[in-house]
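Start at 1 with the first residue, then count along the sequence. Counting starts at 1 for both ligands and their atoms, following the listed order.
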Amino acid sequence: MAANRKILSLPGDGIGPEVMRQVGRVVEWFDKKRIASFDVVEDLVGGAAYDKYGTPLAEETMKKAQECDAVLFGAVGGTKWDSLPFAVKPERGLLRLRKEMDLFANLRPALVFDPLIGASTLKPEIIEGLDIMIIRELTGGTYFGEPRGITTLPDGQRRGVNTQVYTTSEIIRVGRVAFELARKRSNKVCSVEKANVMESGQLWREEMQKLHDAEYQDVELSHMYADNCAMQLVRNPKQFDVIVTDNLFGDLLSDCAAMLTGSLGMLPSASLGAPDSSGRRKALYEPVHGSAPDIAGKDAANPLACMLSLAMMLRYSFDLKEEADVVETAVKNALNRGVRTRDIMQPGMTAVSTTEMGNAVLEELQKIGG
Ligand code: NAD
């Protein structure tokens with residue numbers, strides 16, 4: 001089968017390569033079964049790239065990222081590189097990828113797998129069957145706005161400034177991602193800001209409403225203040241389908257929603273750019289967790305967040321919906337067998353290594369795909 005889907009695999013540091021190895025097995029399985037094939041190119045990023053090239057992201061790697069259909073990213077960072085200057089820290093490699101690929105929409109699903117209901121701190125009835133998607137604007141707002149900085153005032157006090165700023169086009173492009181995605185889900189978007197106290201929030205609300213009225217009237221749109229949204233997420237999270245919000249509020253609310261599911265080792269994410277003339281979006285998929293130096297090299301990491309990131313890639317970059325479903329079902333079935341890596345361990349379950357969890361998923365894939 002001709003492989004015309006180009007993936008750049010960047011395992012990175014710490015547990016990155018360990019979890020990515022298990023994802024590689026799933027990709028190989030698809031290829032062997034002649035279900036879908038991919039051209040996978042692997043390269044270095046983060047501390048591993050610094051050790052070899054003196055930079056956390058080599059020019060050549062950046063070029064490959066721009067040219068491929070999707071980037072699959074493991075994790076970067078570790079104590080070995082903690083004392084490096086800011087400009088060459090491993091994390092700068094990821095930030096450069098996000099910036100130069102202009103990945104402005106960050107998708108973080110909060111999905112509760114039935115076998116893991118006990119891992120959440122919330123009551124089972126609140127989170128059972130939960131499936132929400134938070135879309136965070138990733139390249140604008142407070143984290144990038146000018147003016148910014150720390151100055152010393154004439155009276156000797158110091159003053160720190162950051163600026164919350166959004167333009168119409170920045171709001172509309174992330175709004176479009178939210179409405180399009182909602183159409184493939186339960187058709188509901190909740191747009192979140194603080195229009196009551198911030199002009200940028202007022203603009204956000206007005207532009208979202210205008211976009212909705214002009215192009216997406218079939219989708220149900222509601223607006224909510226960010227502080228209320230934080231409360232609603234823990235009070236009744238199932239009221240939401242797609243939440244779209246700015247960079248700062250999205251940072252906080254996506255972490256809050258993530259913990260509804262109980263475990264960092266289970267959380268995938270996608271970061272998308274604008275579609276080009278052929279409709280192809282630049283995209284990077286990665287687990288939410290970091291490089292976990294405390295367990296790196298011990299075959300103890302949970303590979304499921306990275307495997308679920310692959311499922312997001314199949315769904316959003318390659319429109320391979322059934323194949324994405326197959327991966328997600330295999331993950332769910334593996335959990336149903338009672339195997340657990342130590343981050344999601346529960347009484348009465350069987351503790352397994354990274355490789356063994358990979359084995360369980362592969363066996364379940366085999367059962368589904370024959
Ligand atoms: P972390 O996510 O690496 O680890 C937090 C805790 O969760 C640790 O106890 C770790 O063992 C555990 N954990 C994380 N992923 C796990 C998995 N898949 N399976 C089992 N347990 C898991 O966050 P941290 O400790 O704050 O950061 C460690 C390093 O990772 C730092 O250098 C940080 O800068 C970097 N980091 C990188 C990214 C990224 O690459 N996107 C994200 C966050 C942190």
Query - Option set Leu267, Leu10, Val76, criterion heavy-atom distance to atom 37 (C) of ligand 1, minimum - result: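 The option holding the nearest heavy atom is Val76.
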Requested in this report: Counting heavy atoms only, name the option from Leu264, Val45, Asn302 that's nearest to atom 19 (N) of ligand 1.
Outcome: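 Of the listed residues, Asn302 has the closest heavy atom.
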Those atoms of ligand 1 less than 4.0 Å from some heavy atom in [X]:
X: Gly77; value: 32 (O)
X: Ala301; value: 19 (N)
X: Gly290; value: 1 (P), 2 (O), 3 (O), 30 (O), 36 (N), 37 (C), 38 (C), 42 (C), 43 (C), 44 (C)
X: Glu286; value: 41 (N)

Report task. Check the pair Arg25, Glu28 against salt bridge (Lys or Arg N to Asp or Glu O under 4.0 Å), reporting the backbone distance first and the verdict last. Result -> CA-CA 5 Å; Arg25 295 175 68 193; Glu28 275 167 29; over 6 Å; no
Query raised in the report: Can you list the residues that meet the ring pair (Phe, Tyr, Trp, His ring centres under 6.0 Å) rule with Tyr166, with sequence neighbours excluded?
Result: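 Once residues adjacent in sequence are excluded, the partners of Tyr166 under the ring pair (Phe, Tyr, Trp, His ring centres under 6.0 Å) criterion are Trp204.
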Query raised in the report: When you look for heavy atoms under 4.0 Å from ligand 1, do you find them on the side chain of Asp82, its backbone, both, or neither?
Result: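 Looking at Asp82 and ligand 1, no heavy atom falls under 4.0 Å.
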Query raised in the report: Heavy atom under 4.0 Å from ligand 1: found in Pro293's side chain, backbone, both, or neither?
Result: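 The part of Pro293 near ligand 1 is the side chain, not the backbone.
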**Report entry** Residue list, side chain to side chain contact (heavy atoms under 4.5 Å, CB included) with Arg342, at least two apart or on another chain
**Finding:**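 Counting only residues at least two positions away or on another chain, Arg342 forms a side chain to side chain contact (heavy atoms under 4.5 Å, CB included) with Ile295, Ala300.
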**Report entry** Residues Asp241 and Arg185 bridged, charged N to O under 4.0 Å
**Finding:**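 Salt bridge: yes.
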Query raised in the report: If we ignore angles and hydrogens, is there a donor and acceptor under 3.5 Å between the side chains of Tyr143 and Asp251?
Result: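 Yes - a donor-acceptor pair under 3.5 Å links their side chains.
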